[in-house]
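One structure is given below, represented as structure tokens, and several questions about it will come after.
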Amino acid sequence: MLDRPRGQPDLSACGMVTAKAWVLKKHFEGFPKTSDFDLKKIELPKLKDGEVLLESVFLSVDPYMRPYSQRDMKEGDIMIGTQVARIIESKNPAFVVGAFVVANSGWRTHFVSNGKELHSLPSSWPESLPKSLALGTVGMPGLTAYFGLLEVCKMKPGETVLVNAAAGAVGSVVGQLAKIGGCKVVGSAGSDEKVAYLKKIGFDEAFNYKTVTSLKEALHKASPDGYDCFFDNVGGEFASVAIHQMKKYGRIAVCGAISQYNDSVPQKGPYVQFPMIFKELQMEGFIVHRWNNRREEGQKALLKWVLEGKIKYHEQITEGFENMPAAFIGMLKGENLGKAIVKV
Ligand code: NDP
């Protein structure tokens with residue numbers, strides 16, 4: 001049954017479908033391990049009126065799953081997450097069989113929905129564009145870059161923008177949006193290959209934070225006048241050093257703190273107050289869902305720039321649902337260039 005080809009659900013004699021799902025077997029301690037996950041089979045009920053049956057085609061592995069699992073999940077729960085899924089059976093007139101949607105149904109191959117939480121892909125989505133982009137550049141990570149830069153950093157043409165984890169799903173869009181917005185862009189990433197990629201997609205300066213002898217010097221060399229905007233995906237030591245290189249009245253968008261997600265013991269200071277006061281900085285944390293009511297606007301803009309070639313994308317595709325834990329762990333280790341995706 002587990003080897004059934006994609007697109008052909010296991011319809012047993014009574015019309016049931018068996019889904020595969022990854023469960024959090026044990027809360028992560030430090031860095032997640034494959035033994036923290038369990039693969040389960042779940043029999044789905046027959047569809048009732050108003051419901052649809054979906055099959056996941058692409059699933060997303062994201063950094064937020066690490067801290068959110070700790071905060072929101074209990075052992076035995078299905079891992080949280082989003083997917084691009086295809087409707088394979090419908091008793092809901094709003095959804096036709098064969099249509100693709102973005103769902104938030106966790107790490108599972110098949111699921112039943114009443115349609116309320118399903119998001120259709122924008123109607124202007126061309127056949128030529130991978131639908132997996134709805135989980136990356138034209139999905140939640142792209143929207144994070146868009147609203148974080150426009151609404152939190154409030155970037156203006158001519159300013160200098162710094163972004164870390166710059167070759168990842170969010171960071172790569174941040175840098176390119178800042179270029180579209182007429183800014184100078186500096187990015188940091190964890191390998192020379194990633195640095196080369198950043199230069200290829202238009203970053204003005206990029207460096208490998210793992211091999212520079214001094215982060216402070218690397219940041220200073222890349223922009224001797226300092227930074228107006230800092231889009232922080234990493235937190236921890238990087239942010240502590242970067243805050244001192246902000247220009248007066250600089251803005252810091254606190255998007256993520258991936259350098260701290262796997263810490264068993266919370267990191268201690270240095271503390272932000274002195275640079276915040278002396279440079280009169282603004283520092284604001286945010287979660288992309290604040291702008292859910294503007295999702296369509298953001299997606300439309302991102303899709304347009306992708307189609308015009310102004311935003312380039314790269315996806316790190318892992319084949320096979322059974323490899324979801326490995327893809328998740330690999331992403332946390334920095335193995336991904338661009339958005340980490342699992343193709344079922
Ligand atoms: P990425 O595609 O950037 O993948 C994660 C990357 O983080 C890795 O590739 C790795 O790149 C880098 N990384 C891992 N560990 C460390 C470390 N110790 N120090 C520095 N870098 C590290 O993920 P996303 O683009 O999806 O997410 C980026 C950040 O944005 C995360 O912090 C995430 O939680 C946050 N986020 C926040 C949202 C919000 O609404 N606030 C929404 C979406 C994401 P490298 O090789 O460069 O080290």
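In each ligand, atom 1 is the first atom listed, and ligand 1 is the first ligand listed.
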Does Met140 belong to the same Ile/Leu/Val/Met/Phe/Trp/Tyr cluster as Val163, with side-chain heavy atoms less than 4.5 Å apart forming each link?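 Yes, Met140 and Val163 fall within the same hydrophobic cluster.
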Val234, portion touching ligand 1 at heavy-atom distance under 4.0 Å: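 Within the 4.0 Å criterion, Val234 contacts ligand 1 through side-chain atoms alone.
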Can Tyr261 and Gln70 be counted as having a side-chain donor-acceptor contact under 3.5 angstrom?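 Judged by distance alone, the side chains do not pair up.
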For atom 18 (N) of ligand 1, the protein heavy atom that lies nearest, with its residue and separation: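 The answer is Ser259 CA, 3.4 Å.
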Contact atoms of ligand 1, heavy-atom distance to Leu332 under 4.0 Å: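 What qualifies from ligand 1 is 14 (C), 15 (N).
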Heavy-atom nearest neighbour of atom 19 (N) of ligand 1 within options Tyr209, Phe286, Tyr261: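 The residue whose heavy atom sits nearest atom 19 (N) of ligand 1 is Tyr209.
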Subset of ligand 1 atoms that lie under 4.0 Å from at least one heavy atom of Met331: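 This gives 4 (O), 5 (C), 8 (C), 9 (O) as the contact atoms.
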For a quick check under 3.5 Å, do Lys339 and Ser60 share a side-chain donor-acceptor pair by atom type?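 Indeed, the side chains of Lys339 and Ser60 share at least one donor-acceptor pair under 3.5 Å.
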Please could you name the atoms of ligand 1 that Ala189 approaches to less than 4.0 Å, counting only its heavy atoms?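 Per the distance check, 47 (O).
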Counting only heavy atoms closer than 4.0 Å, does ligand 1 sit against the backbone of Asn233, its side chain, both, or neither?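 Both backbone and side chain of Asn233 come within 4.0 Å of ligand 1.
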Tell me if a side-chain donor or acceptor on Gln316 pairs with a main-chain N or O of Leu337 at a distance below 3.5 Å.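 Judged by distance alone, yes, a pair lies under 3.5 Å.
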Pair Ser90-Asn92, side-chain donor/acceptor within less than 3.5 Å: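 Not at all, the side chains of Ser90 and Asn92 share no donor-acceptor pair under 3.5 Å.
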Heavy-atom nearest option to atom 36 (N) of ligand 1, drawn from Gly256, Cys255, Gly171, Gly190: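 Ranked by closest heavy atom to atom 36 (N) of ligand 1, first place is Cys255.
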Taking the six-membered ring of Phe37 as reference, does the NZ or CZ atom of Lys25 fall below 6.0 Å from its centre and within a 45° cone about the axis?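 No, Lys25 and Phe37 do not form such a contact.
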Is there a polar contact, in the sense of an N or O pair closer than 3.5 Å, between Asn336 and ligand 1?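 Right, the criterion is met.
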Report yes if Asp62 has an N/O atom closer than 3.5 Å to an N/O atom of ligand 1; otherwise report no.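 Between Asp62 and ligand 1, no N or O pair is found under 3.5 Å apart.
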Heavy-atom contacts with Pro63 under 4.0 Å: which atoms of ligand 1 show up? List them by number with element.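 Counting from 1, the qualifying ligand atoms are 23 (O), 24 (P), 26 (O), 27 (O), 31 (C), 33 (C), 34 (O).
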Looking only at protein heavy atoms, which one is nearest to atom 13 (N) of ligand 1, and how far off is it?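 Ranking protein heavy atoms by distance from atom 13 (N) of ligand 1, first comes Ile258 CG2, 3.7 Å.
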Do Asp263 and Gln267 pair up side chain to side chain, a donor and an acceptor below 3.5 Å, judged on atom types alone?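 A donor-acceptor contact under 3.5 Å links the two side chains.
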